[in-house]
Amino acid sequence: MAMETTLIILKPDAVQRGLMGRIIARFEDKGLQIVGAKLMTIGQELAARHYADHQGKPFYDGLVKFMTSSPVLVVAVRGVGAIKLCRNLMGATFGSKAEAGTIRGDFGSSNSFNLVHGSDSPESAARELELFFEPAELLEYERPIDQWVYDHSSGSPE
Ligand code: IDP
Ligand code: MG
């Protein structure tokens, strides 16, 4: 499994409901490293670029309206297999269907107000990180705790 960086967005409902700390803690508790973070309000154009794949779908206009309605916390999260790990921590798209124990399953019941976005592939992670962060805003820093988060006996973190 490769070391990956993925884009997570704490959506307007997460910020407004005061859930930022508890949601970030889910990722940190898993051993993932926060390498970038920014509180911002997403504009129409950025929302359209981020959700370009969904243009034309019935929920698209509502999604853009929601995502631009209030500030979000954009977070870059790094770890071995981080993209899939984060998707697993988030749970299924709809809060009404997401398993208990996941972020969406524990904190939400709405289908559209589902608290978090997470990149779904290495390609979308690269594309989305570039939309929201300058290269210099993604930090490289050592964490001593990674000696205990990962088994390094093979020479690379596992
Ligand atoms: P994902 O966020 O789990 O990857 P996507 O299918 O990529 O789910 O959809 C993007 C976002 O659009 C969802 O997180 C949700 O906020 C919203 N959405 C998706 N499908 C629906 C729907 O059928 N009704 C309302 N909102 C939806
Ligand atoms: Mg998606």
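One is the number of the first residue; the rest follow in order along the sequence. Below, each value reflects all heavy atoms present in this structure, side chains not excepted, and no hydrogens, waters or symmetry copies. Indexing begins at 1, ligand by ligand and atom by atom, following the structure's order.
- Within 6.0 Å of CD in Glu45 there are 12 or fewer heavy atoms belonging to other residues, nucleotides or ligands.
- By the 6.0 Å contact criterion, CD on Glu28 is enclosed, its count of non-hydrogen atoms from other residues, nucleotides or ligands being greater than 12.
- Within a 6.0 Å radius of CD in Glu137, other residues, nucleotides and ligands contribute more than 12 heavy atoms.
- Residue contacts with ligand 1: Phe66 is excluded, as none of its non-hydrogen atoms falls under 4.0 Å.
- At a heavy-atom cutoff of 4.0 Å, ligand 1 is contacted by no atom of His117, backbone or side chain.
- At a 4.0 Å heavy-atom cut-off, ligand 1 does not touch Phe113 at all.
- For ligand 1, the polar-atom distance check finds an N/O of Ser112 within less than 3.5 Å of one of the ligand's N/O atoms.
- Ionic pairing of Glu4 and Arg78 is not present here: no N-O contact between side-chain nitrogen and carboxylate oxygen is shorter than 4.0 angstrom.
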Would you please test Val75 and Ile34 for side chain to side chain contact (heavy atoms under 4.5 Å, CB included) and show each step? CA-CA 7 Å; Val75 188; Ile34 307 299; 3.7 Å; yes

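- Within the 4.0 Å heavy-atom criterion, the part of Lys11 lying near ligand 1 is the side chain and not the backbone.
- Counting heavy atoms closer than 4.0 Å to ligand 1, residue Thr93 contributes atoms from both its backbone and its side chain.
- By the 4.0 Å heavy-atom criterion, Asn114 is counted among the residues contacting ligand 1.
- Between Asn111 and ligand 1, no pair of N/O atoms sits closer than 3.5 Å.
- Taking the charged nitrogens against the carboxylate oxygens, Arg22 and Asp106 have no contact shorter than 4.0 Å, which rules out a salt bridge.
- Close approach of ligand 1 to Arg87 (heavy-atom distance below 4.0 Å) involves ligand atoms 1 (P), 3 (O), 4 (O).
- The other residues sharing a hydrophobic cluster with Val74 are Leu7, Ile9, Met40, Ile42, Leu46, Tyr51, Phe59, Tyr60, Leu63, Val64, Phe66, Met67, Val72, Phe113, Leu129, Leu131, Phe132, Phe133, Leu138, where clustering joins ILVMFWY side chains under 4.5 Å apart.
- Only the side chain of Arg104 comes within 4.0 Å of ligand 1, counting heavy atoms alone; its backbone N, CA, C and O stay farther away.
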